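Comments concern the structure below.
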Amino acid sequence: MSFVIRAGLMLVLVIAVGGLLMRTMTASVSVGLIGLTHEDNPRWWATRTIQNESSAACVECHKPTRTAITASAHATVDCESCHGAGSEHIALARSGREAPLALADARDLCATCHAALVARPDGFPQVDPATHGVPAAGVTSSCVSCHNAHDPGFPPPLKHPLDGRADCLACHGPDQWQPVPPSHADRGADSCLSCHRPEEGT
Amino acid sequence: MPVSRRRFIKLGAHAAFGGLLVYTLRGVLPQPGSRPADAQGDDAYDQYRPQDHDWAFVIDTMKCIGCGRCARACKQENNVPWEPDCNRTWVERYCFTEDGEVHVDSPEGGINGFADEPLPEGVKEERITKSFFVPKLCNQCDNSPCVQVCPVAATYKTADGVVLINRDKCIGCRYCIQACPYGMRYLLPDEGVADKCTWCYHRITRGRLPACVEACPVGARKFGDLRDPKGEVSKILAERNISVLKPDMGTKPQAYYLDLDGAVV
């Protein structure tokens with residue numbers, strides 16, 4: 001073989017090998033292949049501390065509440081969606097210490113999801129917080145005065161069994177959030193439900 | 001024996017070539033006992049085989065109610081600074097008006113929801129023709145511009161399809177922040193390194209869902225493994241009308257949007 005051919009072949013080989021090496025070394029996707037990087041970095045990411053423990057941990061102590069909510073219209077709502085990340089709370093509770101889990105004023109919190117917004121999907125239950133359940137002057141009320149966040153149902157059932165005028169007047173008495181009309185003042189003791197059907201909104 | 005100059009150069013060339021070859025093969029060949037010691041005593045990752053998973057995300061904009069609990073849970077879960085510019089995930093509000101304009105806003109990334117937020121400037125409710133929320137998060141692109149541009153190879157794609165950032169290598173040059181067509185990356189103000197959504201890598205490698213998926217009260221965010229053909233996400237990708245953001249960028253996003261309006265970018 002003449003020197004020129006040998007030199008030419010060598011040149012081609014060097015270019016091919018060099019090009020291949022350069023390609024492997026410079027393309028970030030293959031840096032792992034040449035051992036340049038990141039052997040322990042996925043492990044570093046994978047071992048970060050979990051902050052949102054999920055409802056599976058909550059049921060250790062709050063089983064009845066979780067059972068109620070999973071049967072209600074809030075079934076898809078995780079505890080921490082409303083209550084916030086619970087790892088600190090759970091760690092405190094497991095060590096037997098007091099574990100407060102602050103919840104913002106319920107009216108604001110409920111409005112986060114249930115305030116009527118033009119961008120919200122049509123079928124989603126929404127109310128205008130400015131007019132819905134606004135108490136009479138001088139009475140404080142939040143959504144949970146009437147609704148049970150852990151068992152909201154659809155339409156939302158009230159918190160009490162509605163088995164008599166006294167129950168109705170707890171919310172519809174004078175000075176309550178939605179007082180009965182003055183014309184109703186002298187109606188009989190058991191009579192609300194003989195005309196009104198709360199579940200139908202009449 | 002004196003070494004001739006010719007022989008010396010020849011030997012040197014051989015040694016250099018051999019060294020490069022060994023260096024190249026080092027990562028390819030199995031290396032027993034090379035696993036780094038686990039400082040955290042967390043053996044979940046030892047059992048986790050990234051090559052057995054192919055994670056994918058599905059977002060249903062027709063379900064999103066804009067409560068922002070996802071963005072809030074993410075901040076708590078991943079210790080993301082509460083500054084408005086630091087968001088791994090956020091919710092955008094799209095408002096289309098009669099004049100054909102599209103208005104998009106995302107106050108503080110939506111972490112406080114939209115209940116108390118006025119409509120975008122100049123938008124009147126009665127002029128809105130359609131409106132919806134769009135949650136955004138890292139697309140973990142298969143063809144990631146952020147990975148390609150990093151000058152120090154600090155960011156990489158794992159075998160399970162998640163793009164991660166090695167904070168020890170990142171030099172904070174912000175090139176990746178510029179490169180991402182989706183604006184997913186930001187600079188951590190204290191550490192001076194780039195950060196972005198990891199689909200909660202510390203949760204998914206332990207068999208949990210990302211925090212935003214768990215926090216979503218209406219199921220607008222779904223997460224699953226495409227290696228499981230019967231999984232919800234695999235079924236959605238197979239059977240439903242899905243799209244990705246900015247498909248013409250060629251980034252091959254792994255976050256898919258269900259019934260997405262064509263105007264969303």
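Just so it is clear: chains get the letters A, B, ... in the order the sequence lines come, proteins before strands, and each one is counted from 1. Not measured: the values here are computed from a predicted model.
- Proximity to chain A involves both the backbone and the side chain of B:E77, based on heavy atoms less than 4.5 angstrom apart.
- With values rounded to the nearest 0.5 angstrom, B:R72 atom CZ is found 12.0 Å from A:S81 atom OG.
- The two atoms that bring B:L164 and A:P42 nearest to each other are CD1-CA, 3.9 Å, heavy atoms only.
- Residues A:A46 and B:Y201 approach most closely at N-CD2, 3.9 Å, considering heavy atoms.
- Neither the backbone nor the side chain of B:C70 comes within contact range of chain A, judged by heavy atoms closer than 4.5 Å.
- Residue A:W45 comes nearest to B:I165 through the heavy atom pair NE1-O, 2.8 Å, listed as atom of the first residue, atom of the second, then distance.
- Shown here is B:E191, whose CD atom has more than 12 heavy atoms of other residues, nucleotides or ligands within 6.0 Å.
- Counting heavy atoms from C-beta outward, A:N52 and B:R203 have side chains that approach closer than 4.5 Å.
- The shortest non-hydrogen separation linking B:A115 to A:A115 is CB-CB, 3.8 Å.
- Comparing A:S87, A:A85, A:A116, A:P129 by heavy-atom pairs within less than 4.5 Å of chain B, the highest count is held by A:A85.
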TODO: Decide yes or no on side chain to side chain contact (heavy atoms under 4.5 Å, CB included) for B:N78 and A:R48, but give the supporting numbers first.
DONE: CA-CA 8 Å; B:N78 296 295; A:R48 299 297 88 203; over 6 Å; no

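- For A:L117, the part lying near chain B is the side chain, with the backbone staying farther off; criterion is any non-hydrogen pair under 4.5 Å.
- Under a cut-off of 6.0 angstrom, the local environment of OH in B:Y48 is crowded, with over 12 non-hydrogen atoms contributed by other residues, nucleotides or ligands.
- Only the side chain of B:F17 comes within less than 4.5 Å of a heavy atom in chain A; its backbone stays farther off.
- For a residue to count as touching a neighbouring chain, one of its non-hydrogen atoms must lie under 4.5 Å from one of that chain's; by this rule B:N79 touches chain A with the side chain only.
- Proximity to chain A (any heavy atom under 4.5 Å) is restricted, for B:C216, to the backbone atoms N, CA, C and O.
- For CG of B:N143, the number of neighbouring non-hydrogen atoms (other residues, nucleotides, ligands) closer than 6.0 Å is greater than 12.
- B:I204 does not touch chain A: none of its heavy atoms, backbone or side chain, sits under 4.5 Å away.
- Taking CE from B:M62 and CG from A:D122, the interatomic distance works out to 10.5 Å, rounded to the nearest 0.5 Å.
- Here side chain to side chain donor-acceptor pair (under 3.5 Å) pairs that include residues 59-68 of chain B, with residues two or more places apart or in two chains, number zero.
- The contact between B:I65 and chain A is made by backbone and side chain atoms together, counting heavy-atom distances below 4.5 Å.
- Of the listed residues A:S54, A:A56, A:A111, A:G84, the one with more heavy-atom pairs under 4.5 angstrom with chain B than any other is A:S54.
- Side-chain contact between B:D46 and A:R43: present, with at least one pair of heavy atoms (C-beta onward) separated by less than 4.5 Å.
- For a residue to count as touching a neighbouring chain, one of its non-hydrogen atoms must lie under 4.5 Å from one of that chain's; by this rule B:T205 touches chain A with the side chain only.
- No side-chain heavy atom of B:H202 sits under 4.5 Å from any side-chain heavy atom of A:T49.
- Inter-residue side-chain proximity for B:R208 and A:E53 is flagged as met; some heavy-atom pair is nearer than 4.5 Å.
- Considering only heavy atoms from C-beta on, A:W44 stays 4.5 Å or farther from B:D168 through its side chain.
- The parts of B:A73 that come within reach of chain A are both its backbone and its side chain, each placing non-hydrogen atoms under 4.5 angstrom from that chain.
- B:P217 is listed as a side-chain neighbour of A:C113, based on a closest heavy-atom distance under 4.5 Å.
- Contact detail for A:T112 and B:R69: the closest heavy-atom pair is CG2-CD, 4.3 Å.
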